[in-house]
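As the structure is a computational prediction, the values presented were derived from the model and not from experiment. Below, chain A is the first sequence line, B the second, and so on; all start at residue 1.
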Amino acid sequence: DIQMTQSPSSLSASVGDRVTITCRASQSFSTYLNWYQQKPGKAPQLLIYAASNLQSGVPSRFSGRESGTSFTLTISNLQPEDIATYYCQQSDSFPNTFGQGTKLEIK
Amino acid sequence: QVQLVQSGAEVKKPGASVKVSCKASGYTFITYDITWVRQASGQGLEWMGWMNPNSGDTAYAQKFQGRLTMTRSTSTSTAYMELSSLTSEDTAVYYCARRGLLLHQEDVWGQGTTVTVSS
């Protein structure tokens, strides 16, 4: 199984900051890497697919990048509505494993 | 609009089974895969399995092998997830999601179904 190690587990930042979340895979795989945002009591929502493609309707301040087995989600110009938990997921091979999640708070 | 609507909350006793439904609308059911994911209270997302609604092919996470069954009804555009031999550790919110065939992204999610296992 491909293990996804996500960091940090929690993060506090100010409105307007640039925030970066990282996921590292235990082995290389094709670029089937997704990022999800989940707000309390709600289902996850797709932000980024195939490592760097912005899902329709998602603000352009969200972006994704791949570098080998390392994947990053960047939120530029952090907004109050971005308070949520973020998960990465590899969807290259079964089981499609998730990272442990990053809880983002606003200072 | 495209949506997945799941069945309502369930309370089950240990050892019982639960079957959750996920009804698709707004798109052609057999042209997207279905994934099931669960989340225990305060915990992260856990991938359970995948189904191709066209062929009925499935793949399950190893930890659920032998007690997880995913099925579908193409006539009603509904996917089903049945989990047997329930224990308290199966108490969680269960989600279905639509998965793109080409890029494997879960782009539409059901609202979630809470399953509580308690004696």
Exercise. Does A:Gln45 CD have over 12 foreign heavy atoms under 6.0 Å away?
Worked result: no

For this session: Could you look at B:Gln43 and say if it's the side chain, the backbone, both or neither that has a heavy atom under 4.5 Å from chain A?
Result: backbone

Problem set entry | Contact summary for A:Lys42 and B:Tyr95, nearest pair of heavy atoms | O-OH, 3.3 Å

Problem set entry | Cluster overlap A:Leu73 with A:Ile83, hydrophobic side-chain contacts below 4.5 Å | yes

Exercise. Quick one: which residues of residues 85-107 of chain A reach chain B at under 4.5 angstrom, heavy atoms only?
Worked result: A:Tyr87, A:Gln89, A:Ser91, A:Phe94, A:Pro95, A:Asn96, A:Phe98

Exercise. Are A:Leu54 and A:Val19 connected in the hydrophobic side-chain network, where two residues link if heavy atoms are under 4.5 Å apart?
Worked result: yes

Problem set entry | Exceeds 12 heavy-atom contacts within 6.0 angstrom, atom CZ of A:Arg24 | no

Problem set entry | Any residue of residues 98-113 of chain B which, by heavy atoms, sits under 4.5 Å from chain A | B:Arg99, B:Leu102, B:Leu103, B:His104, B:Gln105, B:Glu106, B:Asp107, B:Trp109, B:Gly110

For this session: Look at A:Ala43, A:Pro44, A:Ser30 and state which one has the largest set of heavy-atom pairs under 4.5 Å with chain B.
Result: A:Pro44

Problem set entry | Atom CZ of A:Arg18 with >12 non-hydrogen neighbours under 6.0 angstrom | no

For this session: Say whether A:Ile21 and A:Tyr36 are linked into one hydrophobic cluster, either directly or through other cluster members, by side-chain heavy-atom distances under 4.5 angstrom.
Result: no

For this session: Evaluate whether atom CD of A:Glu81 has more than 12 neighbouring non-hydrogen atoms of other residues, nucleotides or ligands under 6.0 angstrom away.
Result: yes

Exercise. Do A:Leu46 and B:Met48 belong together in a cluster built from hydrophobic side chains that touch within less than 4.5 Å?
Worked result: no

For this session: Could you tell me which portion of A:Pro40 (side chain, backbone, both or neither) has an atom closer than 4.5 angstrom to a non-hydrogen atom of chain B?
Result: neither

Exercise. For the hydrophobic clusters of this structure (ILVMFWY residues joined by side-chain heavy atoms under 4.5 Å, transitively), does one cluster hold both A:Leu11 and A:Ile75?
Worked result: yes

